[in-house]
*Asks:* 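Provided herewith is a single structure, encoded as structure tokens, for subsequent inquiry.
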Amino acid sequence: MSESKEIVRNFIEEIIEEDIRNNKHQGRIHTRFPPEPNGYLHIGHAKSICLNFGLANTYGGKTNLRFDDTNPVTEDVEYVESIKQDIRWLGFDWEDREYYASDYFQQLYEFAIQLIKSGKAYVDDSSAEEISARRGVPTSPGENSPFRNRSVEENLELFEEMRAGKVKEGARVLRAKIDMASPNMHMRDPIMYRILFTPHHRTGNKWCIYPTYDYAHGQSDSIEGITHSICTLEFENHRPLYNWFIENLDIFPSRQIEFARLNLEYTLMSKRKLLQLVNEKLVDGWDDPRMPTLSAFRRRGIPPEALREFATAVGIAKRENIIELSRFENIVRNHLNKKAIRTMAVLDPLKVIVTNYDRGVEWLEVENNPEDPASGKRKIAFSREIYIEQDDFMEIPSDNYYRLSPGKMVRLKAAYIIRCDQFVKDQNGKVTELHCTYVPESRSGQDTSGLKVKSVIHWVDASHSITTEVRLYEQLFTKPDPASFETIHEIINPESLIILSDARLEKDMANAAIGFSYQFMRKGYFCLDNGNHDGKLVFNRTMTLKDSFSK
RNA sequence: UGACCCAUGGUGUAACGGUAGCACUACAGAUUUUGGUUCUGUCUGUUAAGGUUCGAAUCCUUAUGGGUCAACCA
């Protein structure tokens, strides 16, 4: 027997396995993914989704989808729908466990009464400014609110007035009574409820007091019996408070565990800034293929399997990290290379006349995907007039350039070797046409010419091709660390989108379908855009091929 | 002048007191009818100083560096 591959566990898996060994919660594992419906899911969320659902999957547990909808001011149903669609597309299923923090508003309210009754919460009439001023700073203690020692009866009465809508927004809050001198700012009598006369997308006008994150989140976890509540590092300082509520309410002890969020080079993860890109129309919307949102990845042709692999490949740890884009690209290319059907597409056409070709149209056979023999072969037309890529010809070639130039030969993929005899320029000096001769005995697969050429280039037949639009995407930002810049405008990449309207594809590509990936040979991976273009075909570049020929 | 967390090649992540490994990147070579793919090889690492120990990336102390916290956001 060969030795089995060692399984590497991340620190969360180690905690879970320890809990299972100790029979904690009878070995039950239950996680949750808690998005706030105030924006679209991005690749950072994908890491969290894969972690939470993945953990449940490997340990025979369950994962709830719970919308953390405690702030009606910023949240909307539009986001709820997109989030559900994106999680499904990523490949995960929460079955019937679709919950909302707002489902628990009544329960949370009763918990609050319980804390008031036990003298652990009080109503504060201070203004936001006063509260902030009395909270102190991290390096020195705060001071108690003058309203801190109200009687239980008074607190109950006042809180009821808040609930009943008798108090103006901002005039009163409910606070936990903990310790204004705590070195942890979150323990300095944190706010539990604030008054907001904003209708909620689910509860409508039923409530005008809304629980804050700190008060709602842990209790929602507890209500759902979540065993491992996984969140990002910035909530580390909230954990004592998370535990304080659970202990003082004496409810199910969910455990919060923090891990380092995903950071990716050239990518912004801040929902606020992504929203800004959308609002200022710096991109085409949340699903603009340059965005890091899941809907954008879908539109750009990134396979969900690749995203899942990436999410686990980056690892789970507590160390701050910035993943290199090459890591992401490597994984996406691996997936696409295996499954993408090859086709020839000339993005920037240059006409070639094969002057000695007089056999009309000839049909040549070519593999659909050399990586996958099962993908079969197809026939492509070849005739006297074809197109090649502008940059596959250089009038004065550089030393390491081994494509076409005057007097030089290349092979046309799956066809013949041609030699460039002449070129035609327009008045601007741009090369507009090549006159070449082909070598009849060099036909692909039955080459008896004995000629050796350094390069094989792609091409399409002029009369057996279609003209389409092709969109080339590059990084949206010119800096690898866009988050560290104050304004996004200064780092927007002006060439992040290049629209080519005259691309020539093999005629068969008229039948291209959404959801499939194609490799435009030597040019990259592309997919049909899922937007509405009045019947016109538009292709998005998912990713370039790795390019060892640097320009 | 606080609390909490983190520190392993360029990047990310393993090694759970006993040979610092893997992946990506970069570079070099081989193969190739995609300058793709594939294959082979090379370079580069335990933040520092003490301590414990036969033995420390791992445990302890201190220092240094980085992150988070002062919304009625999540």
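Worth saying up front: this structure is predicted, and the values here are computed from it rather than measured. In the text below, chain A, chain B and the rest are named by the order of the sequence lines, each starting its count at 1.
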*Asks:* Could you go through nucleotides 41-44 of chain B and list every protein N or O atom that sits under 3.5 Å from one of its N or O atoms, giving the distance for each pair?
*Replies:*
none

*Asks:* How about A:Asn368 and A:Ile341: do any of their side-chain heavy atoms sit closer than 4.5 Å?
*Replies:*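 Yes, side chains in contact.
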
*Asks:* Over all strands shown, is A:Tyr402 touching base, sugar-phosphate only, or nothing at heavy-atom distances under 4.0 angstrom?
*Replies:*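 Answer is base: heavy atoms of A:Tyr402 come under 4.0 Å of a base.
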
*Asks:* Could you check whether A:Ile322 gets within reach of a base, just the sugar-phosphate, or nothing at all, counting any heavy atom under 4.0 Å?
*Replies:*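 Touches sugar-phosphate only.
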
*Asks:* Side-chain N or O of A:Ser326 versus OP1/OP2 of B:U11: is the shortest distance under 4.0 Å?
*Replies:*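 Answer is no, no contact under 4.0 Å.
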
*Asks:* Where each pair must be Watson-Crick or G-U wobble with both distances under 3.5 Å, what dot-bracket representation of RNA chain B is obtained, with crossing pairs in [ ] and other-strand partners as |?
*Replies:* .((((((..((((....[..)))).(((((.......)))))....(((((..]....))))))))))).....

*Asks:* For the side chain of A:Tyr213, starting at C-beta, report the closest nucleotide among B:A74, B:C72, B:C24.
*Replies:*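 Ranking B:A74, B:C72, B:C24 by closest atom to the A:Tyr213 side chain puts B:A74 first.
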
*Asks:* Less than 6.0 Å separating the ring centroids of A:Phe526 and A:Tyr518?
*Replies:*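 Judged by ring-centre distance (under 6.0 Å), A:Phe526 and A:Tyr518 do not meet the cut-off.
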
*Asks:* Does A:Phe235 reach a base, just sugar-phosphate, or nothing at all? Heavy atoms under 4.0 Å.
*Replies:*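 Result for A:Phe235 = base.
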
*Asks:* Using OP1 and OP2 only, check whether a side-chain N or O of A:Lys318 sits under 4.0 Å from B:U68.
*Replies:*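 Looking at the OP1 and OP2 atoms of B:U68, neither is under 4.0 Å from any side-chain N or O of A:Lys318.
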
*Asks:* Just checking A:His458: base, sugar-phosphate only, or nothing, at a heavy-atom cut-off of under 4.0 Å?
*Replies:*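 If one applies the 4.0 Å heavy-atom cut-off, A:His458 turns out to touch nothing in the nucleic acid.
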
*Asks:* With C1' as the reference atom in both, quote the distance from B:G50 to B:U42 in angstrom, rounded to an integer.
*Replies:*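 These two C1' atoms come out 37 Å apart once rounded.
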
*Asks:* NA contact type, A:Ala128, heavy-atom cut-off 4.0 Å: base, sugar-phosphate, or nothing?
*Replies:*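 Base contact.
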
*Asks:* Have a look at A:Val173 and say if it touches a base, only the backbone sugar-phosphate, or nothing, with a 4.0 Å heavy-atom cut-off.
*Replies:*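 Base contact.
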
*Asks:* What nucleic acid atoms does A:Pro240 come within less than 4.0 Å of, heavy atoms only: base, sugar-phosphate, or nothing?
*Replies:*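 No contact at all - A:Pro240 keeps every heavy atom at 4.0 Å or more from the nucleic acid.
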
*Asks:* Taking the C1' atom of each, how far is B:U37 from B:A57, in whole Å?
*Replies:*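 These two C1' atoms come out 37 Å apart once rounded.
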
*Asks:* Would you indicate what A:Leu233 reaches in the nucleic acid, counting non-hydrogen atoms under 4.0 angstrom: base, sugar-phosphate, or nothing?
*Replies:*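 Nothing, no nucleic acid heavy atom in range.
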
*Asks:* Would you indicate what A:His217 reaches in the nucleic acid, counting non-hydrogen atoms under 4.0 angstrom: base, sugar-phosphate, or nothing?
*Replies:*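 If one applies the 4.0 Å heavy-atom cut-off, A:His217 turns out to touch nothing in the nucleic acid.
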
*Asks:* May I ask you to test the A:Glu362-A:Arg443 pair for a side-chain heavy-atom distance under 4.5 Å?
*Replies:*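 Yes; the side chains approach each other to less than 4.5 Å.
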
*Asks:* Considering every strand and a 4.0 Å limit on heavy-atom distances, what is the contact class for A:Gly445: base, sugar-phosphate, or nothing?
*Replies:*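 Answer is base: heavy atoms of A:Gly445 come under 4.0 Å of a base.
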
*Asks:* Are A:Phe105 and A:Tyr210 an aromatic pair, judged by ring center distance below 6.0 Å?
*Replies:*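 Close enough - the centres of the two rings lie under 6.0 Å apart.
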
*Asks:* Strictly under 6.0 Å, is that where the ring centroids of A:Tyr357 and A:Phe382 end up?
*Replies:*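 Ring-ring flag for A:Tyr357/A:Phe382: true, centres closer than 6.0 Å.
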
*Asks:* Of A:Asn369 and A:Gly315, whose nearest nucleotide on RNA chain B comes first from the 5' end?
*Replies:*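 Counting from the 5' end, the first nearest nucleotide belongs to A:Gly315.
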
*Asks:* So what does A:Ser132 hit on the nucleic acid, given a heavy-atom distance under 4.0 Å: a base, only sugar-phosphate, or nothing?
*Replies:*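 Answer is sugar-phosphate: A:Ser132 comes under 4.0 Å of backbone atoms only.
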
*Asks:* Between A:Arg411 and A:Glu324, name the one whose nearest nucleotide on RNA chain B is closer to the 5' end.
*Replies:*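 Closest to the 5' end, via its nearest nucleotide, is A:Glu324.
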
*Asks:* Roughly how many Å apart are B:C27 and B:C69, using the P atom of each and rounding to a whole number?
*Replies:*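 B:C69 and B:C27 have their P atoms separated by 39 Å.
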
*Asks:* Give a yes or no on whether the ring-centroid distance for A:Phe520 and A:Phe539 is below 6.0 angstrom.
*Replies:*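 A:Phe520 vs A:Phe539: aromatic centres under 6.0 Å.
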
